[in-house]
Each structure stands twice: as structure tokens, then as C-alpha cells.
Amino acid sequence: MRCVIIHGSPRRGNTWNVLNMALDELRDIPNIEFDIIELGKIKLDTCIGCFNCIIKGEDRCPHNSDMKILRDKIEDAEVIIMTSPVYSMQVSGLLKNFIDHMSFKFHRPGYYKKKGLVIATTAGAGHKSATKYMKEVLEFWGINKVNSIAVAYRSKELTEKNIDYIKNEARKFKRELIKGDIPKSGFKQIIMYNAWRAMSSNDKSMEADYNYYKINGKAYYRDANVNKIKIIIGNLVYKVIKRG
Ligand SMILES: Cc1cc2nc3c(=O)[nH]c(=O)nc-3n(C[C@H](O)[C@H](O)[C@H](O)COP(=O)(O)O)c2cc1C
């Protein structure tokens, strides 16, 4: 099981410690492999807002030489762990810049088989909103099962309560991974999928989206774990938006 970690702190500090405590709980999952991307060690330029990834395709990103390596690692992984310290009540700029480079994934999600874990640490506040944001990002990328660990240090060392909390949440995530199932697709994922599907069929200038949705042509991915009611609603959303 390949697990890619997107570490959004520029250093190996509090967030790194919490990440490693969580990884220690996961290490004995058979065949698990960790690949840690430390964003602080990669000189990824700032997203210039060219829209190329969204409109023309992710390989047209001006920073594709760096991004392709990262995208391929994420694509190949069954599990994504995203971490960030809280800066000014939100995720770090380092992580946000990476997420902006992945904006095309909001349009063409596709990660319905993967599972995710998000981790945020803070001195005192903002840990819940930062994890909520990261969870939303992974859900927009199509992940249907995202766990979270939100830690307020409040002193130099972790309290016993925090240590228990981190271990418990990591064990919960481990149980999720051991299940080995494809998570049930949520309404949010089906509705977003069909909204983009309809909008791109109305606007062929959205080249990358148009080609992506044309290939499947259905209300969701064929091998996803999704019930019929959600598919019916997905098709309804598609028809309503398509008619305009
Ligand atoms: C630029 C900057 C902004 C920060 N903003 C906040 C904040 O808004 N709220 C807070 O409680 N802690 C804030 N902190 C403290 C960090 O969130 C906290 O120390 C975190 O655990 C650091 O993680 P790291 O050691 O992985 O970098 C900030 C720290 C830095 C460097």
C-alpha cells in the first residue's frame, strides 16, 4: 500500500513530530510504503494563475517539471496524508501554493479509491479550521474518506491528552486502511462531478474538462462504490445544469 505524505511545514518541527507519531501507528500495516514529500525542500514557484492546468491540462502548467513528479507520486498512491502548521489561522503558504498547483483536480477529481488523513498543528488556535480546509481539498480531489488529526500544542511539549488523541486517531485511520475497501461515494462528490461534467459539455473551450468527461460519459466513475439513488441525482444535476 503506497502512502504519499505532503508535508506542508517548511521545517521538521511540531507537525513533523505529530506526523511521525501517526506514522508509527501505521508502520505495521502489511506492505505499507511511505513516500514523504517535504514541500520546504522543493523550490516550487508560486502559481501564476495562468489557468493552463484547469483549461488546457495539468501537463501545461509552467511549473510542470516539478509538478509532474509530485502529481505522479500522488496518482500512484492509495493513501494521501497532508500536513500543515497553522499560519495566521490557516494552512501554510507553502501548502497553499501546492494546493493551487493542483486546482485542476477540483475539476477532474478521480481519487475516489484513495483514503486520506490530514494533520494540522498550532500553538493555540486555528487547528480545526486548517484541518477542515485540508479535508475539503481532499474531498474536492474526489476522496470519500478523510480522517483528521488537529493538535494545539499550547506548550513546548505535547500533553499526555494530546499524545493519546494522536495515537487514537491514527489507529482509527489504520483500521480504515486495513479494511481495504473502496469508500462509499458521497453526495458532494457526485454533485460536483456532474456539475463539471455538464458545464464542460456546454463549453468546449474548457478543453481538458471536456475531454475528461467525454471519455466516461456517465454520472460517476464506473468502478466507484456508489448507490443508484446518488447516480439518479447525479444525472438530474447534469441535466438541469446542461439545460441552463
Ligand atoms: C508565520 C507563523 C504564523 C503562525 N500563526 C499562528 C496562528 O495563527 N495561531 C496559532 O495558534 N499559532 C500560530 N503559529 C504557531 C504554529 O502554528 C505552531 O507553532 C505550529 O505547531 C508550528 O508547526 P511546525 O513546527 O511544524 O512549523 C504560527 C507560526 C508561524 C511561524
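Side chains are part of it too, since the values below use all heavy atoms of this structure and drop only hydrogens, waters and symmetry mates. It should be emphasised that the depicted structure is a prediction, and the values quoted were computed from it without experimental measurement. Each residue takes its place number in the sequence, starting with 1. Atoms within a ligand are numbered from 1 in the order they appear, just like the ligands themselves.
Through direct or indirect side-chain contacts shorter than 4.5 Å among Ile, Leu, Val, Met, Phe, Trp and Tyr, Met206 is connected to Phe51, Ile54, Ile55.
For the pair Arg197 and Tyr213, the cation-pi criterion (under 6.0 Å, within 45° of the ring axis) is not fulfilled.
In this structure, Tyr221 has its ring center under 6.0 Å from that of Tyr193.
Cluster membership check: Ile6 shares its hydrophobic cluster with Ile42, using side-chain heavy-atom separations under 4.5 Å among Ile, Leu, Val, Met, Phe, Trp and Tyr.
Under the salt bridge (charged side-chain N to carboxylate O under 4.0 Å, His left out) criterion, Asp181 pairs with Lys115, not counting sequence neighbours. Partners of Tyr210 according to the ring-ring contact (aromatic ring centres under 6.0 Å, His included) rule, which considers only residues two or more places apart in sequence or in another chain, do not exist here.
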Are any protein N/O atoms closer than 3.5 Å to the N/O atoms of ligand 1? If there are, list each pair with names and the distance to one decimal place.
{"unit_1": "ligand 1", "atom_1": "5 (N)", "unit_2": "Val86", "atom_2": "O", "d": "3.4"}
{"unit_1": "ligand 1", "atom_1": "5 (N)", "unit_2": "Ser88", "atom_2": "N", "d": "2.9"}
{"unit_1": "ligand 1", "atom_1": "8 (O)", "unit_2": "Ser88", "atom_2": "N", "d": "3.2"}
{"unit_1": "ligand 1", "atom_1": "8 (O)", "unit_2": "Met89", "atom_2": "N", "d": "2.8"}
{"unit_1": "ligand 1", "atom_1": "9 (N)", "unit_2": "Ala125", "atom_2": "O", "d": "3.4"}
{"unit_1": "ligand 1", "atom_1": "11 (O)", "unit_2": "Thr122", "atom_2": "OG1", "d": "2.6"}
{"unit_1": "ligand 1", "atom_1": "11 (O)", "unit_2": "Gly124", "atom_2": "N", "d": "2.8"}
{"unit_1": "ligand 1", "atom_1": "11 (O)", "unit_2": "Ala125", "atom_2": "N", "d": "2.9"}
{"unit_1": "ligand 1", "atom_1": "11 (O)", "unit_2": "Ala125", "atom_2": "O", "d": "3.2"}
{"unit_1": "ligand 1", "atom_1": "12 (N)", "unit_2": "Thr122", "atom_2": "OG1", "d": "3.3"}
{"unit_1": "ligand 1", "atom_1": "12 (N)", "unit_2": "Ala123", "atom_2": "N", "d": "3.4"}
{"unit_1": "ligand 1", "atom_1": "14 (N)", "unit_2": "Val86", "atom_2": "O", "d": "3.3"}
{"unit_1": "ligand 1", "atom_1": "17 (O)", "unit_2": "Val86", "atom_2": "N", "d": "3.4"}
{"unit_1": "ligand 1", "atom_1": "17 (O)", "unit_2": "Val86", "atom_2": "O", "d": "2.6"}
{"unit_1": "ligand 1", "atom_1": "21 (O)", "unit_2": "Asn14", "atom_2": "ND2", "d": "2.9"}
{"unit_1": "ligand 1", "atom_1": "21 (O)", "unit_2": "Thr121", "atom_2": "OG1", "d": "2.7"}
{"unit_1": "ligand 1", "atom_1": "23 (O)", "unit_2": "Thr15", "atom_2": "OG1", "d": "3.3"}
{"unit_1": "ligand 1", "atom_1": "23 (O)", "unit_2": "Thr121", "atom_2": "OG1", "d": "3.4"}
{"unit_1": "ligand 1", "atom_1": "25 (O)", "unit_2": "Arg11", "atom_2": "NE", "d": "3.1"}
{"unit_1": "ligand 1", "atom_1": "25 (O)", "unit_2": "Arg11", "atom_2": "NH2", "d": "2.7"}
{"unit_1": "ligand 1", "atom_1": "25 (O)", "unit_2": "Asn14", "atom_2": "N", "d": "2.7"}
{"unit_1": "ligand 1", "atom_1": "26 (O)", "unit_2": "Ser9", "atom_2": "OG", "d": "3.2"}
{"unit_1": "ligand 1", "atom_1": "26 (O)", "unit_2": "Thr15", "atom_2": "N", "d": "3.0"}
{"unit_1": "ligand 1", "atom_1": "26 (O)", "unit_2": "Thr15", "atom_2": "OG1", "d": "2.6"}
{"unit_1": "ligand 1", "atom_1": "27 (O)", "unit_2": "Ser9", "atom_2": "OG", "d": "3.1"}
{"unit_1": "ligand 1", "atom_1": "27 (O)", "unit_2": "Arg11", "atom_2": "NE", "d": "2.9"}

